[in-house]
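What follows is a single structure, written as structure tokens, with notes after it.
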Protein chains: 2
Amino acid sequence: MAEGKEGVIPEPTLARLHRYQAVLRRLRREGALTVSSERLGEEAGTEAALVRKDLSYLRCTGQRGIGYDLDTLLAVLREALGPAEPRPLIIVGAGPLGVALAGYAGFELLGYRLLGLFDSNPARVGHHVAGLVVRHARELPETVAETGAKLAIIAVPAARAQETADLCVAAGLRGLLNFAPCPVKVPPGVVVRQMDLSEELEILNYQLTCAAHRAANPARGG
Amino acid sequence: MAEGKEGVIPEPTLARLHRYQAVLRRLRREGALTVSSERLGEEAGTEAALVRKDLSYLRCTGQRGIGYDLDTLLAVLREALGPAEPRPLIIVGAGPLGVALAGYAGFELLGYRLLGLFDSNPARVGHHVAGLVVRHARELPETVAETGAKLAIIAVPAARAQETADLCVAAGLRGLLNFAPCPVKVPPGVVVRQMDLSEELEILNYQLTCAAHRAANPARGG
DNA sequence: CTTTGTGAAATTTTTCACAGCG
DNA sequence: CGCTGTGAAAAATTTCACAAAG
């Protein structure tokens with residue numbers, strides 16, 4: 001019944017597309033040339049019909065009776081999920097978490113280029129991390145302007161999260177991945193995604209509690 | 001129309017409840033004694049009606065004309081989102097990310113107690129991290145049995161993710177927070193949540209692209 | 001015979017709107 | 001009045017089911 005926007009991909013679909021991408025890469029390494037929606041669904045933990053529905057948003061080019069050409073599908077996904085050229089990425093916060101993330105082995109493979117590691121603590125400025133030198137946070141606007149970076153990872157303590165977000169926005173960054181355990185507010189046009197350990201742990205815990213509960217009690221009406 | 005299970009909280013609601021909790025803590029520090037659903041919604045980035053709907057799952061006790069008592073609400077949330085006693089938590093992988101996560105300042109506050117840091121690399125075993133000694137992964141089952149731990153964070157490279165997950169499951173762990181950049185498969189009854197940097201970055205990027213696209217093109221019918 | 005692609009149904013989640021309490 | 005609490009409507013998402021294609 002959604003007759004409005006035809007070029008829009010629902011967010012849950014989007015999240016799955018990334019999982020498909022990961023699965024497809026692995027399958028390709030394993031020598032596969034094609035995949036069926038059923039196989040892809042099984043590997044990605046979802047159902048065949050949903051896979052097809054998801055892929056239908058991409059005007060994808062499967063072959064009936066055979067499945068999807070793996071490389072074609074990967075190409076389509078790559079195009080849909082973002083341009084192929086490395087996207088500049090910045091990390092703000094050179095504490096343990098920031099440093100660990102800077103060493104994350106996946107960025108290059110995923111099409112990101114980690115451009116800088118910033119911190120407002122002078123004691124940390126100048127340290128060498130993952131082939132980069134930690135720079136002072138005040139240099140952030142300059143770097144953003146020079147490189148056209150749009151994405152940053154916030155890896156600072158909760159107490160500094162909001163000011164860091166403000167700094168990023170002022171510097172011209174437009175997408176923030178916030179690892180601080182508290183939400184931050186940003187003006188319209190800026191997007192934040194919360195990587196909240198606590199939230200994930202709680203959901204995990206809840207799901208476990210639910211499962212255990214369901215195993216113990218047969219039902220529970222209000 | 002969902003007349004089936006009455007004691008079940010939808011997952012999106014659950015995720016928001018955690019945000020509410022964070023907001024409420026901040027508001028309390030700021031001296032507030034009560035909140036209205038509208039205020040809470042504004043702070044948490046959602047709408048008043050949805051806040052009330054969410055809270056209605058908890059049989060919460062707001063006062064009409066006034067709002068919700070902040071401390072009462074926090075108590076209700078704490079009870080709903082998990083028992084008050086510290087839940088044991090284990091980290092598998094003592095590389096940079098595992099170490100950083102071990103130093104994460106929020107676990108205690110959130111009701112978790114980090115019990116152990118494990119690694120299968122002998123070179124890392126014995127190192128002191130965040131007040132803990134890194135132990136060999138083979139000791140994992142023992143620790144799980146002794147402490148009744150159910151939750152673990154997987155912080156290993158992608159290539160080791162699946163075997164690590166298998167190890168955790170075999171050891172008796174039931175909820176896994178996977179930081180490795182690839183999904184893992186687990187048997188039924190075990191819950192995994194993917195903390196996928198790449199996925200989040202891609203979604204962020206997509207949202208930005210969308211926003212930019214929408215600003216440029218007015219519409220795009222099929 | 002297998003598998004895609006897709007309307008339509010079913011389900012889930014959000015928004016609306018308002019009765020009812022303080 | 002202001003604000004909660006909650007059915008009912010609306011919207012979004014997933015599942016179903018099947019025609020069409022190789």
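Just so it is clear: chains get the letters A, B, ... in the order the sequence lines come, proteins before strands, and each one is counted from 1. Here the structure is a predicted model, which means the values were calculated and not measured.
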Q. So, Arg16(A) versus Thr13(A): side-chain donor-acceptor pair below 3.5 Å or not?
A.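 Indeed, the side chains of Arg16(A) and Thr13(A) share at least one donor-acceptor pair under 3.5 Å.
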
Q. Do the side-chain N and O atoms of Thr34(A) and Asp69(A) include a donor-acceptor pair separated by under 3.5 angstrom?
A.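 Not at all, the side chains of Thr34(A) and Asp69(A) share no donor-acceptor pair under 3.5 Å.
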
Rounded distance in Å - [atom1] ([X]) to [atom2] ([N]):
X: Glu11(B); N: dT13(C); atom1: CD; atom2: P; result: 9 Å
X: Leu73(B); N: dT4(D); atom1: CG; atom2: C1'; result: 12 Å
X: Leu14(A); N: dA12(D); atom1: CG; atom2: C1'; result: 15 Å
X: Leu40(A); N: dT4(C); atom1: CG; atom2: C1'; result: 13 Å
X: Glu47(B); N: dA17(C); atom1: CD; atom2: P; result: 12 Å
X: Leu58(B); N: dG5(D); atom1: CG; atom2: P; result: 11 Å
X: Glu38(B); N: dA17(C); atom1: CD; atom2: C1'; result: 15 Å
X: Asp54(B); N: dT15(C); atom1: CG; atom2: C1'; result: 12 Å

Q: Report the distance from atom CG of Leu14(B) to atom NE2 of His18(B), rounding to the nearest 0.5 Å.
A: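 That separation rounds to 4.0 Å.
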
Q. If you pin Ala49(B) and Lys53(A) to their nearest nucleotides in DNA chain D, which one's is more 5'?
A.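 Its nearest nucleotide being more 5', the pick is Ala49(B).
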
Q: Respond yes when some side-chain nitrogen or oxygen of Ser36(B) is under 4.0 Å from OP1 or OP2 of dC3(D), and no when none is.
A: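 Checking dC3(D) against Ser36(B), no side-chain N or O comes under 4.0 Å of OP1 or OP2.
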
(Q) Is the phosphate of dT4(C) approached by Ser37(A) (side-chain N or O, under 4.0 Å from OP1 or OP2)? (A)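 Answer is yes, contact under 4.0 Å.
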
Q: With a 4.0 Å heavy-atom cut-off, tell me which residues in residues 62-70 of chain A come close to DNA chain C, sorted by residue number.
A: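 Those residues whose heavy atoms fall under 4.0 Å from DNA chain C, taken from residues 62-70 of chain A in numerical order, are Gly62(A), Gln63(A), Arg64(A), Gly65(A), Ile66(A), Gly67(A), Tyr68(A).
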
Q: Name the nucleic acid region contacted by Arg16(A), choosing base, sugar-phosphate or nothing; use a 4.0 angstrom heavy-atom cut-off, strictly under.
A: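 Here Arg16(A) touches the backbone only, sparing every base.
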
Q: State whether Arg160(B) and Glu163(B) are salt-bridged, where the test is any N-O pair (Lys NZ or Arg NE/NH1/NH2 against Asp/Glu carboxylate O) under 4.0 Å.
A: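 A salt bridge is present here (some side-chain N lies under 4.0 Å from a carboxylate O).
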
Q: Considering only NZ, NE, NH1 and NH2 on the basic side and carboxylate oxygens on the acidic side, decide whether Glu43(A) and Arg19(A) come within less than 4.0 Å.
A: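 Looking at Glu43(A) and Arg19(A), the cut-off is not met.
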
Q: Kindly indicate, with the supporting measurements, whether the criterion salt bridge (charged side-chain N to carboxylate O under 4.0 Å, His left out) is fulfilled by Arg193(B) and Glu11(B).
A: CA-CA 13 Å; Arg193(B) 291 194 69 86; Glu11(B) 194 165 317; 2.9 Å; yes

(Q) The side chain of Arg52(B) is closest to which nucleotide in this list: dA17(D), dC18(C), dA8(D)? (A)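 The nucleotide sitting nearest to the side chain is dC18(C).
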
Q: Taking the side chain as every heavy atom from C-beta outward, state whether Leu55(A) and Leu73(A) have any pair of such atoms under 4.5 Å apart.
A: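 Yes, side chains in contact.
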
